[in-house]
Amino acid sequence: MASSPLLVALAMVASSCFLAVSGQKFNAIYSFGDSMSDTGNLCVNGPPAGLTLTQPPYGETFFGRATCRCSDGRLVVDFLAEKFGLPLLKPSKQGGADFKKGANMAIIGATTMGSSFFQSLGVGDKIWNNGPLDTQIQWFQNLLPSVCGSSCKTYLSKSLFVLGELGGNDYNAQLFGGYTPEQAAGQSPTIVDAIGAGAEKLIGLGAMYIVIPGVLPVGCFPIYLTLYQTSNAGDYDQYGCLKRFNALSSRHNSLLQSKVTSLQSKYPYAKIMYADFYSHVFDMVKSPASYGFSTNLRACCGAGGGKYNYQNGARCGMSGASACGNPSSSLSWDGIHLTEAAYKKIADGWVNGPYCHPAILS
C-alpha cells in the first residue's frame with residue numbers, strides 16, 4: 001500500500017528533527033572551571049615554581065608530554081570538543097590565539113567565590129590562585145570582540161558552555177583551613193547562588209546551551225582518604241569512602257540541582273543541563289570492574305605511599321613518583337584528579353546520558 005503524502009511529510013519532519021538533535025553541531029565550546037578543566041591557563045606565562053603537573057608522567061597517555069592538564073591525558077572538555085568536531089580548547093590566556101572555535105577560561109586552583117569571601121572566613125591564606133568565576137567570565141568577555149564582533153548573541157547561541165566543575169576548591173580552602181565538613185556545608189547556599197549568577201551572566205551574553213556540573217564524591221579520593229583517615233570504621237561507607245566528606249558534596253549537589261531547575265524555569269528558551277559528576281564517579285567506585293578499572297581508591301601515579309598511593313611530599317611528578325603500568329585500568333590518576341579513561345566515560349555520560357539532565361544530545 002502506498003504511503004499517503006501526509007504520512008511521508010510527517011516522516012520527513014520527524015527525521016529532520018531527529019537529525020537536528022542527534023547530530024547537534026556547535027560552532028564553539030567555552031569552558032569555565034578549575035583543575036578538572038584547565039588545559040593550560042596556569043602555565044601560559046610559565047608554570048609556578050614547584051608545580052608538579054608540568055613534569056612526567058603527566059600527559060603520557062595521549063600527548064606524550066606534560067601539557068599542564070591534571071591527568072595522564074585528555075579531560076572531559078577535550079572529549080567534548082572531539083565529539084563535536086572542534087579543536088581542543090586553547091587556554092584563554094594564550095596570546096594571539098584564535099578563539100572562534102572555543103576557549104578555556106578554567107584555571108587550576110580556581111574557586112567560585114572571590115578572595116573577600118575566604119578572608120571573611122579566615123581561610124584567605126588557602127587561596128593561591130586569583131581566578132574565581134567572576135574573573136573567568138571577565139576573561140571570556142575580553143575575548144568576545146575578536147570572536148564575534150557585534151553579533152555575539154547569535155554566535156554564542158550556537159555554542160556550548162561548560163560551567164564547572166566549580167565549588168571543589170571553595171570547600172578545600174575551608175577544610176584545609178580547619179573547618180569541618182559540616183561547617184563548610186553551611187556555605188553551600190552562597191557558593192551555589194554564585195554559580196547560578198554566573199550562568200545568568202552567560203545567558204545574558206547569549207548562551208543557550210549550558211552544562212553545569214556538580215562536585216565529585218571527594219570522600220572517595222586518595223588525597224582525602226589519606227589526609228583524613230581514621231581508625232573508626234563507622235566513618236567509612238561500605239565502599240571505603242569517607243561519609244562526612246561525601247555528605248558535603250551531596251549537600252552542594254542537591255542545592256545545585258535545585259538551582260538548575262529554577263534556571264530552567266526562568267529561561268525556558270535555553271537548554272540548561274545538570275551534569276551529575278558525583279553519581280557517575282561514585283558508580284565507578286562502587287563497580288570499578290564494570291567500567292574496566294582494577295583500582296578505584298588508589299592513585300595510579302605516586303610514590304607508593306600507603307594504602308592509597310598518595311603522599312603530599314611525594315606526589316605524582318615529584319622525584320621518586322611513577323605511574324602504574326596501565327593508567328586506563330585506574331579511576332584515580334594522581335589522587336586528586338582522574339585518569340583520561342575516566343574522563344572519557346564521563347564525557348560520554350554527559351553527551352548521551354544518563355549522567356546529564358537533560359543529556360547534551362537529547
Side-chain angles (χ1 to χ4, degrees), residues 24 29 31-37 71 74-80 83 106 112 133 160-171 181 185 188-189 191-196 198-199 202 209-221 224 237 239 241-243 245-265 270-288 290-293 296-297 331-332 336-362:
Q24 176 69 60
I29 296 176
S31 174
F32 306 78
D34 56 20
S35 58
M36 294 290 169
S37 303
S71 183
R74 290 161 290 184
L75 310 177
V76 172
V77 291
D78 294 315
F79 288 110
L80 292 179
K83 172 66 179 178
T112 309
L133 177 57
L160 177 66
F161 288 78
V162 183
L163 189 60
E165 181 260 13
L166 284 161
N169 289 319
D170 297 81
Y171 298 117
S188 294
I191 294 167
V192 167
D193 282 348
I195 295 172
L202 295 177
Y209 297 89
I210 307 178
V211 177
I212 306 178
V215 296
L216 296 134
V218 295
C220 303
F221 279 44
Y224 281 89
D237 65 18
Y239 307 105
C241 302
L242 287 162
K243 293 189 288 189
F245 293 89
N246 279 352
L248 169 59
S249 294
S250 294
R251 159 77 167 162
H252 172 97
N253 290 339
S254 177
L255 292 172
L256 185 62
Q257 288 178 73
S258 295
K259 176 64 67 175
V260 169
T261 298
S262 175
L263 292 172
Q264 289 168 336
S265 297
K271 185 173 182 179
I272 305 169
M273 299 157 270
Y274 173 72
D276 196 349
F277 236 147
Y278 184 105
S279 292
H280 202 173
V281 173
F282 196 55
D283 284 348
M284 295 179 192
V285 169
K286 292 189 292 185
S287 305
S290 64
Y291 289 93
F293 300 131
N296 54 0
L297 301 181
L331 172 60
S332 174
I336 307 170
H337 309 95
L338 305 178
T339 57
E340 177 184 272
Y343 286 133
K344 184 180 188 305
K345 291 174 173 62
I346 290 164
D348 289 342
W350 292 6
V351 170
N352 301 304
Y355 295 99
C356 192
H357 312 289
I360 297 173
L361 291 185
S362 67

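Quick note: residue numbers are just sequence positions, from 1.
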Please report the closest heavy-atom contact between [X] and [Y], naming both atoms and the distance.
X    : Y    : result
S188 : R251 : OG-CG, 3.7 Å
I346 : M284 : CG1-CE, 3.9 Å
K83  : L361 : CE-CD1, 4.0 Å
L331 : F293 : N-CD2, 3.9 Å

If the condition is side chain to side chain donor-acceptor pair (under 3.5 Å), which residues does [X] pass it with, not counting sequence neighbours?
X    : value
N253 : none
E165 : none
T112 : D170
D193 : K259

Test item: [X] side-chain N/O and [Y] main-chain N/O as donor-acceptor pair under 3.5 Å:
X    : Y    : result
S362 : P358 : no
S37  : G33  : no
K271 : I360 : yes

I'd like to check [X] versus [Y] (side-chain heavy atoms, cut-off strictly below 4.5 Å). Are they in contact?
X    : Y    : value
I29  : L80  : yes
F79  : V351 : no
M36  : V77  : no
F161 : Y209 : no
Y239 : L297 : no
V215 : L256 : no
L338 : F221 : yes
L255 : P189 : yes

Please list, chain by chain and in numerical order, all residues satisfying disulfide (SG to SG under 2.5 Å) with C220, sequence neighbours excluded.
C241
Who pairs with [X] by salt bridge (charged side-chain N to carboxylate O under 4.0 Å, His left out), at least two apart in sequence or on another chain?
X    : answer
K345 : none
D237 : none
D34  : none
K243 : none

Which side-chain N or O atoms in residues 273-282 pair as donor and acceptor under 3.5 Å with protein atoms at least two apart or in another chain?
from, atom 1, to, atom 2, distance (Å)
D276, OD1, S279, N, 3.0
D276, OD1, S279, OG, 3.3
D276, OD2, S279, OG, 2.7

Is there a donor-acceptor contact under 3.5 Å linking the side chains of S249 and Y171?
no
Under the rule for side-chain contact (heavy atoms from CB on, under 4.5 Å), what residues qualify as partners of A199, not counting sequence neighbours?
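In terms of side-chain contact (heavy atoms from CB on, under 4.5 Å), with neighbours along the sequence ignored, A199 is linked to L163, I212, L263.
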Quick test of your reading: applying salt bridge (charged side-chain N to carboxylate O under 4.0 Å, His left out), list the pairs with at least one residue in residues 348-360, sequence neighbours left out, ordered by first then second residue.
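Salt bridge (charged side-chain N to carboxylate O under 4.0 Å, His left out) check on residues 348-360 returns K344-D348.
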Would you check, one step at a time, whether the test side-chain contact (heavy atoms from CB on, under 4.5 Å) holds for V162 with W350?
CA-CA 11 Å; V162 183; W350 292 6; 4.3 Å; yes
